[in-house]
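To keep things clear, I will list the structure first and then write my remarks on it.
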Amino acid sequence: MMVCSLYPALRVTTPWSCSESHLGSCRKQLMFCVSRRKARRRAWTGVSCSAETRTVVIGLAADSGCGKSTFMRRLTSVLGGVAEPPRGCNAYSNTLVGDATTVICLDDYHALDREGRKEKGVTALDPKANNFDLMYEQVRALKSGVAVEKPVYNHVTGCLDPPELIRPPNILFIEGLHPLFDPRIRSLLDFSIYLDISNEVKFAWKIQRDMAERGESLESIKASIKARKSDFDMYIDPQKQYADAIIEVLPTRLIPEKSATEVLRVRLVMREGVKHFTPVYLFDEGSTISWTPCGGKLSCSYPGIRFFYGPDTYFSDEASVLEMDGQFDRLDELIYVESHLSNLSTKYYGEVTQQMLKHADFPGSNDGTGLFQTIIGLKIRQLYEQIIAGESSHGWKREQLRRCLRLSPV
Amino acid sequence: MATAPAGVSTSARGVVSSKAELSKPQLSKGMLRLPWASRRRASSRRLVLVASSPSTPPNISEKVVESIKKAEETCAEDAASGECAAAWDEVEELSAAASHARDKIKASDPLEEYCKDNPETDECRTYED
């Protein structure tokens, strides 16, 4: 309120000066004088503040063991650099810091540590076990360019460790179980993704993860999934209705055996009308296309590859769905498919293929999971560039000035 | 190269000395080669053993096994209770932590780790021309 009344009385006495230009951000030192009408006297005050480009916040929601870490590594790679844990800090830190990105794990905002959850009989999926107020405060602070002391949750000991300093990055990723749960946090997100893994595939992945190493029994894996299912269905699954992009991973339809999970069918659901986000399409935007690339020009091994594209409704919202069923065996299949997809937001021909090859050792590099995660990474890059370009106009400067006034009361 | 392993240099010395001693028949030539070859095979065997699939650090591994036992005990009393769900959730959390620890071990390269802390040393200097 104070801002609205002060702003018209504002007189800029010194011109804007752009002291430094770094990675597209401009630090501006601003000196101005303010006259207070309300107090009916002229009080000349000098206030200085520096304005940086704002932080773009992306949310990623998924259950444990669903490939969030792989997704994050791919995303940070597309956006530039390698994201690593902050050096010199807690060895069990869940945070990843890269050149332009920082990834925060929302497990750090657990209100109850493992002992506390055991006493109360709640899982980590339950909102009661998480401190949403602190989560909202800190994400909002980072978004407006203020560094925060974020708590650290140690997954090995199950305790809350001393906090670590997080500086506001260009792009902030918040990944975890509940990024879309609280409406206040949802309002801060510029883009959100939900990883929807079907039960059969989740089970197969958990077997692969847990049984290979020390032979955890099948029964214990089944019991673990069953015990968490009710909390998952109640608290985590409903978040997908709020996501801007949903990646669904299902068993393939190409192999006749019921629910074969060796080959995956991956659907990328892209909501229409999301700001700065243009959905990927096949051949003709808005049409329904069914495409089998394997044939005369391209030979694939069994079971081959099949694509579908078309408009659809998702939770009564309009969306476009791009689906890939099958696996890539060779490089030329990848480049052939990439050359036929449109609106990929690549900067050069073959960028998707190059990114996929760069991380050929990551799980999902030969099927739709890797492909769509890479495409989402490129979309996020485009979204970030558009947001920053849009905000470097005069309107943004005015907003920063208003914020500056609010932060330094006179 | 200054950093040639000791095993190679001693065997090479051995080869040179035995060559100087006598003109050995075919068999001894094979025998001359064998010690170095067998040492190489042994060392490569050793290398193979060392470079096996990464295993979970023992402390996390023990915790997972313990948590599974506790979960089974808790759920034996009441399978539908919150405590049972919390116990299996703990198993899931520890399994995830174990899996991340395994990935970290797989991804870590001793030279890269060393160079992160000491970028100015000779081994870590990069030249971009």
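Chain naming here is simple, since letters A, B, ... match the order of the sequence lines and numbering starts at 1 in each. Predicted model, so just to flag it, every value in this text is computed and none were measured.
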| query | Side chain, backbone, both or neither: which part of B:Lys70 has an atom under 4.5 Å from a heavy atom of chain A? | reply | side chain
| field | Among B:Cys84, B:Ala96, B:Ala97, residue most engaged with chain A (heavy-atom pairs, under 4.5 Å) | value | B:Ala96
| field | Side chain to side chain, B:Glu90 and A:Arg117, heavy atoms closer than 4.5 Å | value | no
| task | Identify the two heavy atoms, one from A:Ser220 and one from B:Ile68, that lie closest to each other, and give their separation to 0.1 Å. | result | CB-CG2, 4.1 Å
| What is the distance from atom CZ of A:Arg114 to atom CG of B:Leu94, rounded to the nearest 0.5 Å? | 4.0 Å
| Closest heavy-atom contact between A:Tyr153 and B:Glu93? | OH-OE2, 2.6 Å
| chain B contact via A:Val156 - side chain, backbone, both or neither, heavy atoms under 4.5 Å | both
| message | Which atoms of B:Ala85 are under 4.5 Å from chain A, going by heavy atoms: the side chain, the backbone, both sets, or neither? | response | both
| field | Proximal component of A:Ser64, with respect to chain B [non-hydrogen, under 4.5 Å] | value | both
| query | Where does A:Lys226 contact chain B at under 4.5 Å (heavy atoms): side chain, backbone, both or neither? | reply | neither
| task | With a 4.5 Å cut-off on heavy-atom pairs, point out which of A:Ala124, A:Ala223, A:Gly65 contacts chain B the most. | result | A:Ala223
| said: Rounded to the nearest 0.5 Å, what separates atom OG1 in A:Thr123 from atom CD in B:Glu92? | reply: 11.0 Å
| field | Separation between CG of B:Asp89 and CZ of A:Phe232, rounded to the nearest 0.5 Å | value | 12.5 Å
| query | Can you tell me how far CG of A:Asn94 sits from NE2 of B:His100, rounded to the nearest 0.5 angstrom? | reply | 9.0 Å
| message | Between B:Arg102 and A:Arg209 (side chain of the first, backbone of the second, donor and acceptor by atom type, cut-off under 3.5 Å), is there such a pair? | response | yes
